[in-house]
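Written below as structure tokens is the structure these notes are about.
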Amino acid sequence: MAGHDMPGGAVDPYSAHDSGMAHGNMTMVGQVDHARNGFDPTAMLTDWETGRTEVLPDGRTLRTFEVDAIDMEIEIAPGVFFPAWTFDGRVPGPALRAKEGERLRIVFRNLGSHPHSMHFHGIHSARMDGVQGAGLIDPGEEFVYEFDAKPFGCHLYHCHALPLKRHMHKGMYGLFVVDPDPARHPEFAAVAASRVLGSPENAEWQELAMVMNGFDTNFDGENEVYAVNTVGQAYMNAPIRIDKSRPVRIDLMNATEFDPINSFHLHGNFFDYYDTGTQLTPTLRTVDVIMQCQAQRGILEFSFADHEDGMYMFHAHQAEFTELGWMGFFDVREAGA
Ligand SMILES: [Cu+2]
């Protein structure tokens, strides 16, 4: 963890100040092999899983997702491997995205070595809840969850097998975002339209999927690595490119086990926050830190339009998390600059 050089040429703003660190520098040396993992934190920011759609006899859209539980070893920091249980071979699992009012069908296959389920934070029947007797399945089995996409918002799913702490911590969670249907919200139709993936209004935004997580690599009940989208310091090594003329929206969820809360702090700027994403007006305005307990989530909106170009940091405001991987940079410039 204590290094002399920043990988990737990024700037370490603490390097000259933090006398508490053995080498005056809090960074990880080396690079994670994203290709070996089969997923890349940069690609994950915008990699929404929209499944496939068909029109039902009553005119509604049926959206079908297929998700497999897979055991897989993943590299979470340079040279640090973790025996994960995954949805679709990635941690976090696929960022499922649907639209309010659609019928959803999730075909879940357990290809792993333990019982698993998909428990959705949404509105559905008890039979579809992903707990014992309702879609918690043994290895080799398949279950089909079916429910309506509601309420709109920034949600999540996770495995609900026992012990829950272990199954979640192993990597079995992901975003489940339901876009509002503008026709159902005429008073805020423009705002709703901006949230609908694929709409012209949405294309003006830079939308980023972020899941805050941590990993207990020695099974002592505490996390040794903290991250957004699994790989510690991924966005320091590869800062997130922001076109400063376009507003930014982050779908943020906390999946961190063992710690009661996590947080998000943005440097040099403030944002509006939509708790759980279920409203079309902000629940917090003009803040620069929000905190989330496990499974809490929300939408952050901000703009760098009036800023000078630069590398703007974001990180958990718990210093321990920051030092163990949970920090990154937005590389803010004009498009093409
Ligand atoms: Cu599980």
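Just follow the structure's listing: the first ligand is 1, and inside any ligand the first atom is 1. Just so it is clear, the values below take in all heavy atoms, side chains as well, and ignore hydrogens, waters and symmetry mates.
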**Request:** For the pair D216 (side chain) and G221 (backbone), establish whether a donor and an acceptor sit closer than 3.5 Å, ignoring hydrogens and angles.
**Result:** yes
**Item:** Number of protein N/O/S atoms that sit closer than 2.8 Å to the Cu ion (ligand 1)
**Value:** 3
**Message:** Restricting to salt bridge (charged side-chain N to carboxylate O under 4.0 Å, His left out), what partner residues turn up for D88, sequence neighbours left out?
**Reply:** none
**Request:** In plain terms, say whether D251 and R297 are close enough for a salt bridge, that is, a side-chain N and a carboxylate O under 4.0 Å apart.
**Result:** no
**Asked** Relative to each other, are the rings of H307 and F304 parallel, tilted or perpendicular (30° and 60° limits)?
**Response** perpendicular
**Item:** Hydrophobic cluster (4.5 angstrom, side-chain heavy atoms) - remaining members for F81
**Value:** none
Kindly list each side-chain donor-acceptor pair under 3.5 angstrom involving residues 42-54, sequence neighbours excluded, with atom names and distances?
| residue | atom | partner | partner atom | Å |
| --- | --- | --- | --- | --- |
| D47 | OD2 | R90 | NH1 | 3.2 |
| E49 | OE2 | G51 | N | 2.9 |
| R52 | NH1 | E66 | OE2 | 2.8 |

